[in-house]
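Accompanying notes for the structure given below.
Since this is a predicted model, take the numbers as computed values, not measurements. Labels below follow one simple rule: chain letters A, B, ... track the order of the sequence lines, proteins then strands, and each chain is numbered from 1.
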There are 2 protein chains.
Amino acid sequence: MRRIDRTSKLPLYHQLYQILRSHILSGEWQPGDMIPPESELIARYQVSRTTVRQVLDLLTNEGLIYRQQGRGTFVARPTVEHTLVRIVNFTEDMRVRGCEPSSRVLFSGLVSAPQDIAEKLEIEPGAELARLERLRLADGEPMGVEESYLVHRHCPGILQGDYESNSLRDALARNYGIHWTHAKQSIRAVLATREMANMLAVQPRSALLFVERVSYSQENVPVEFLRIYYRADRYVLYNELQG
Amino acid sequence: MRRIDRTSKLPLYHQLYQILRSHILSGEWQPGDMIPPESELIARYQVSRTTVRQVLDLLTNEGLIYRQQGRGTFVARPTVEHTLVRIVNFTEDMRVRGCEPSSRVLFSGLVSAPQDIAEKLEIEPGAELARLERLRLADGEPMGVEESYLVHRHCPGILQGDYESNSLRDALARNYGIHWTHAKQSIRAVLATREMANMLAVQPRSALLFVERVSYSQENVPVEFLRIYYRADRYVLYNELQG
DNA sequence: TAGTGGTCTAGACCACAAA
DNA sequence: TTGTGGTCTAGACCACTAA
């Protein structure tokens, strides 16, 4: 069990946030499980109730837990709405949608950064990028095509891995200590080109949902640029708005 | 200046939230303005710092304010990212995008609820709906077509208004006390039908971004079902994701 | 140096759920 | 009745910004 380091410069609430969050994301605490009540978190980590509640507020806003007055605090079930709040794996996304995900690598190699991508990644044009293109399937049927561009100097040799069965995100975390802190994305409707239609097994000029995303690692460094073309007949985004 | 009612059953933080929020949404406090420091809010409303900060946290999460340590707390400029967080007027949305909005009413009348809409609005099929269809323009060019279905028994006579120049949302608030608390929406890519293409001045089978939304009023009552078809060549959604 | 927000504590009372 | 989360207080010290 990780503990809180009182000599650390990191705020207590931030440390506790990391601890509780990792219990949830690692699956140690399962969806529906009640997490320890505030009183126990106070005793276990020797912090005040205010600090505990600050952390629980953060996790609630993130959608990872929910509270019920009189009953307790519980690990939330992932939902499709999370796709527009947290950075979600294709694998996780499909599971939430009740589909069995799989992947086929279409391209894997080093390329030099074109102007537009260089700008988004805040690097010089021509810099070395690792490009990974994958067909994403759900229940064996094409769901989308995903092109990933990684700033190679941050993760040299990343393309050695097998990304049909493994997660790029896990590899970045394990081997390079790269963790996404946040990402910016855009969402558009586009028409399928002939090639795209072929890959996705739809008619040319079908409607596709097109997502572009720049993901940032620890120190606000853009590391990945992602383009995903989703079959519009299979993929819908959901979210909730505030009043 | 609105004050806090200590005899009210509403929590203090909730009352203060409404007060500060209305100062911002009404435009009384302009984007970039510094809002009163915590110390002054404490003195003015006679609440503790914890309560004040709870409110400022809410407004920060909502994206309405931002804080800078040592400097103060400021009203945030609306951004395009807000479209996927708060319920945003077409007018407000276009202004943020640097466009001049206008509207043309295409249809206005009472209809009986078809099965699918009745389900979303949690009413019986055949119930009376006010249907308002508007062409939305930006800088004089078509941007989208918006179909609004309101449960008529909650806002009888709503269609008397002039919704080329006025906001439906304002009319609902002013005349029926209906305020949106939250909404659920879905986002798809679709192809333009011939009629839709005509209205939007694009080619048939162009790509459109299609948003469906159910908006809920005070007591979690669904009141409006909305369908918006946006020209994909003009309309893009943006948002930020957490790590 | 003064004023701002950031973090943290200890303690109180209330509302709700379940036994 | 007990245990849970919801609301609220008063007060402390720190970190950052600007004058």
Side-chain angles (χ1 to χ4, degrees), chain A residues 3-21 23-24 29 31-76 181 220, chain B residues 3-21 23-24 29 32-76 181 219-220:
Chain A
R3 323 223 34 238
I4 285 187
D5 174 8
R6 295 239 159 211
T7 69
S8 163
K9 278 147 306 186
L10 283 174
L12 301 184
Y13 82 87
H14 195 260
Q15 296 184 52
L16 183 55
Y17 168 75
Q18 296 293 357
I19 293 172
L20 299 189
R21 198 168 188 274
H23 282 156
I24 296 168
W29 293 345
D33 284 0
M34 180 177 163
I35 74 169
E38 297 177 356
S39 54
E40 185 172 335
L41 295 173
I42 292 165
R44 191 187 293 180
Y45 296 103
Q46 295 291 303
V47 292
S48 71
R49 184 157 179 224
T50 312
T51 302
V52 166
R53 285 182 62 79
Q54 184 176 10
V55 171
L56 297 182
D57 282 344
L58 284 171
L59 294 169
T60 303
N61 285 333
E62 207 170 331
L64 289 178
I65 61 172
Y66 61 93
R67 289 137 124 181
Q68 287 186 14
Q69 190 171 27
R71 296 228 309 134
T73 300
F74 304 86
V75 178
T181 54
N220 270 332
Chain B
R3 320 218 41 234
I4 284 187
D5 174 10
R6 296 237 159 213
T7 67
S8 163
K9 280 146 304 187
L10 281 174
L12 301 184
Y13 82 87
H14 194 261
Q15 296 184 52
L16 183 55
Y17 169 75
Q18 296 292 359
I19 292 171
L20 299 189
R21 198 168 188 274
H23 282 157
I24 297 168
W29 292 347
D33 285 358
M34 181 176 163
I35 74 169
E38 298 178 356
S39 55
E40 185 172 335
L41 294 174
I42 292 165
R44 189 184 297 180
Y45 296 103
Q46 294 292 304
V47 293
S48 71
R49 184 159 180 222
T50 312
T51 301
V52 165
R53 285 183 62 79
Q54 183 177 8
V55 172
L56 298 181
D57 282 344
L58 284 172
L59 294 168
T60 303
N61 285 333
E62 208 170 331
L64 289 177
I65 61 172
Y66 61 94
R67 289 137 126 180
Q68 287 186 18
Q69 190 172 27
R71 296 228 308 134
T73 301
F74 304 86
V75 178
T181 54
E219 307 84 1
N220 268 332

request  = Select one nucleotide: of D:dG5, C:dT7, C:dG6, the one nearest the side-chain heavy atoms of A:Pro37.
outcome  = D:dG5
message = Quick check against the 3.5 Å criterion: does A:Asp5 have a side-chain atom that pairs as donor or acceptor with the backbone of A:Thr7?
response = yes
task = Can you see which heavy atom on A:His23 is nearest to which on A:Tyr45, and at what distance?
result = CE1-OH, 4.1 Å
task = Respond yes when some side-chain nitrogen or oxygen of A:Arg49 is under 4.0 Å from OP1 or OP2 of C:dT9, and no when none is.
result = no
request  = Could you state the atom-to-atom distance from CD1 of A:Ile42 to P of C:dG11 in whole Å?
outcome  = 12 Å
task = To the nearest Å, give me how far apart CD1 (A:Ile65) and P (D:dT4) are.
result = 15 Å
query = Are B:Tyr13 and B:Gln18 close enough, and set up right, to give a side chain to side chain donor-acceptor pair (under 3.5 Å), and what steps lead you there?
reply = CA-CA 9 Å; B:Tyr13 82 87; B:Gln18 296 292 359; over 6 Å; no
request  = May I have the distance from B:Leu58 (atom CG) to D:dG6 (atom C1'), rounded to whole angstrom?
outcome  = 13 Å
task = Quickly work out the B:Gln68 CD to C:dG6 P distance and round it to whole Å.
result = 10 Å
task = Calculate the interatomic distance between A:Arg53 atom CZ and C:dG6 atom C1'; express it in whole Å.
result = 19 Å
query = Any side-chain N or O of A:Ser48 less than 4.0 Å from the OP1 or OP2 oxygen of C:dG11?
reply = no
query = Is there a side-chain polar atom (N or O) of A:Thr73 under 4.0 Å from OP1 or OP2 of D:dG5?
reply = yes
task = For the residue pair B:Leu56 and B:Glu38, establish whether any side-chain heavy-atom pair is separated by less than 4.5 Å.
result = yes
ask   = Over how many whole Å does the gap from B:Glu40 atom CD to C:dG5 atom P extend?
value = 10 Å
query = So what does B:Leu12 touch, heavy atoms closer than 4.0 Å: a base, only the sugar-phosphate, or nothing?
reply = sugar-phosphate
remark   = Between A:His14 and B:Leu56, whichever has its closest DNA chain C nucleotide further toward 5' is B:Leu56
message = It should be established whether A:Arg71 places a side-chain nitrogen or oxygen under 4.0 Å from OP1 or OP2 of nucleotide D:dG3.
response = no
remark   = Taken to the nearest whole Å, CD/A:Glu38 to C1'/D:dT7 is 11 Å
request  = Would you classify B:Thr50 as touching base, sugar-phosphate or nothing, given that sugar-phosphate means primed atoms plus P, OP1 and OP2, and contacts are heavy atoms under 4.0 Å?
outcome  = base
request  = Please report, rounded to the nearest Å, how far the P atom of C:dT4 is from the CZ atom of B:Phe74.
outcome  = 11 Å
Any A:Arg6 side-chain heavy atom under 4.5 Å of A:Leu12 side chain = yes
